[in-house]
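Remarks on the structure that follows.
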Amino acid sequence: MAKFKVGDRVRVVASDDGFYAHYMGRIGIIEIDDGGSLPLHVRFEGEVDYDWGRYSEVELVSNNTDVATIKEAIANVEAALEALKALVG
């Protein structure tokens with residue numbers, strides 16, 4: 001069973017033989033896995049840019065956001081809204 005599949009979100013963690021070094025740390029979506037010498041075609045988020053690389057050069061990024069993160073974001077928005085209401089009166 002393959003570790004990655006088309007549609008997975010991955011982060012570039014190495015630049016050994018495939019991905020260019022300037023993609024280190026970038027997150028993208030696997031669009032093609034052709035099983036070749038550089039099997040993964042990754043399109044980077046928010047860009048039209050892409051590159052090819054190896055399985056060993058990426059790590060899976062969770063497609064899910066945990067509940068604690070969502071609750072924290074909601075609390076931050078609510079606090080900002082309250083501060084805005086106080087300013088407007």
Side-chain angles (χ1 to χ4, degrees):
M1 184 169 119
K3 181 177 180 180
F4 304 105
K5 63 185 183 307
V6 171
D8 280 348
R9 290 178 72 223
V10 293
R11 176 180 295 110
V12 176
V13 296
S15 179
D16 301 326
D17 189 35
F19 294 104
Y20 288 112
H22 65 271
Y23 291 118
M24 289 284 294
R26 300 276 302 281
I27 295 175
I29 306 294
I30 296 174
E31 291 190 335
I32 300 170
D33 180 355
D34 68 6
S37 62
L38 295 175
L40 298 178
H41 175 275
V42 175
R43 180 156 319 272
F44 295 99
E45 293 183 344
E47 310 243 348
V48 294
D49 211 6
Y50 67 90
D51 199 6
W52 291 86
R54 298 180 183 281
Y55 302 115
S56 61
E57 296 176 307
V58 296
E59 67 181 6
L60 191 61
V61 174
S62 174
N63 289 323
N64 300 320
T65 304
D66 65 5
V67 174
T69 302
I70 294 169
K71 286 181 179 179
E72 180 181 346
I74 291 170
N76 290 339
V77 169
E78 287 173 344
L81 182 58
E82 289 302 316
L84 182 60
K85 284 180 184 176
L87 287 175
V88 174

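FYI, side chains are in, hydrogens and waters are out, and symmetry mates aren't considered; it's all heavy atoms of this structure. Start at 1 with the first residue, then count along the sequence.
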TODO: Group every Ile, Leu, Val, Met, Phe, Trp and Tyr by side-chain heavy-atom contacts under 4.5 Å, then state whether V13 and V61 land in the same group.
DONE: no

TODO: Is it possible for you to say whether L38 and F4 belong to one hydrophobic cluster, with membership spreading through side-chain heavy-atom contacts below 4.5 Å?
DONE: no

- [ ] Nearest 0.5 Å please: distance from the CD atom of E57 over to the CG atom of D16.
- [x] 5.0 Å

- [ ] Would you check if K5 and I30 make a side-chain contact, meaning some heavy-atom pair closer than 4.5 Å?
- [x] no

TODO: State which residues pass salt bridge (charged side-chain N to carboxylate O under 4.0 Å, His left out) with D49; sequence neighbours excluded, sorted by chain then number.
DONE: none

Task: Sequence-distant partners of E82, salt bridge (charged side-chain N to carboxylate O under 4.0 Å, His left out), two or more places apart - done: K85

- [ ] Could you check R26, R9, R11 and say which one makes a salt bridge (Lys or Arg N to Asp or Glu O under 4.0 Å) with E45?
- [x] R9

- [ ] Please answer whether the main-chain N or O of S37 pairs with a side-chain N or O of R54 as donor and acceptor at a distance below 3.5 Å.
- [x] yes

Task: Set of side-chain contact (heavy atoms from CB on, under 4.5 Å) partners for Y20, sequence neighbours left out - done: H22, Y23, D51

Open item on the list: Could you work out, with side-chain contact (heavy atoms from CB on, under 4.5 Å) as the rule, every residue matching D34, not counting sequence neighbours?
Closed with: I32, P39, W52

Open item on the list: Exactly one of V10, D33, I27 should register a side chain to side chain contact (heavy atoms under 4.5 Å, CB included) with V42. Which one does?
Closed with: V10

TODO: Identify, with sequence neighbours excluded, every residue that meets ring pair (Phe, Tyr, Trp, His ring centres under 6.0 Å) alongside Y50.
DONE: H41

Task: Nearest atoms (heavy-atom pairs only) where S56 meets A14 - done: O-CB, 4.4 Å

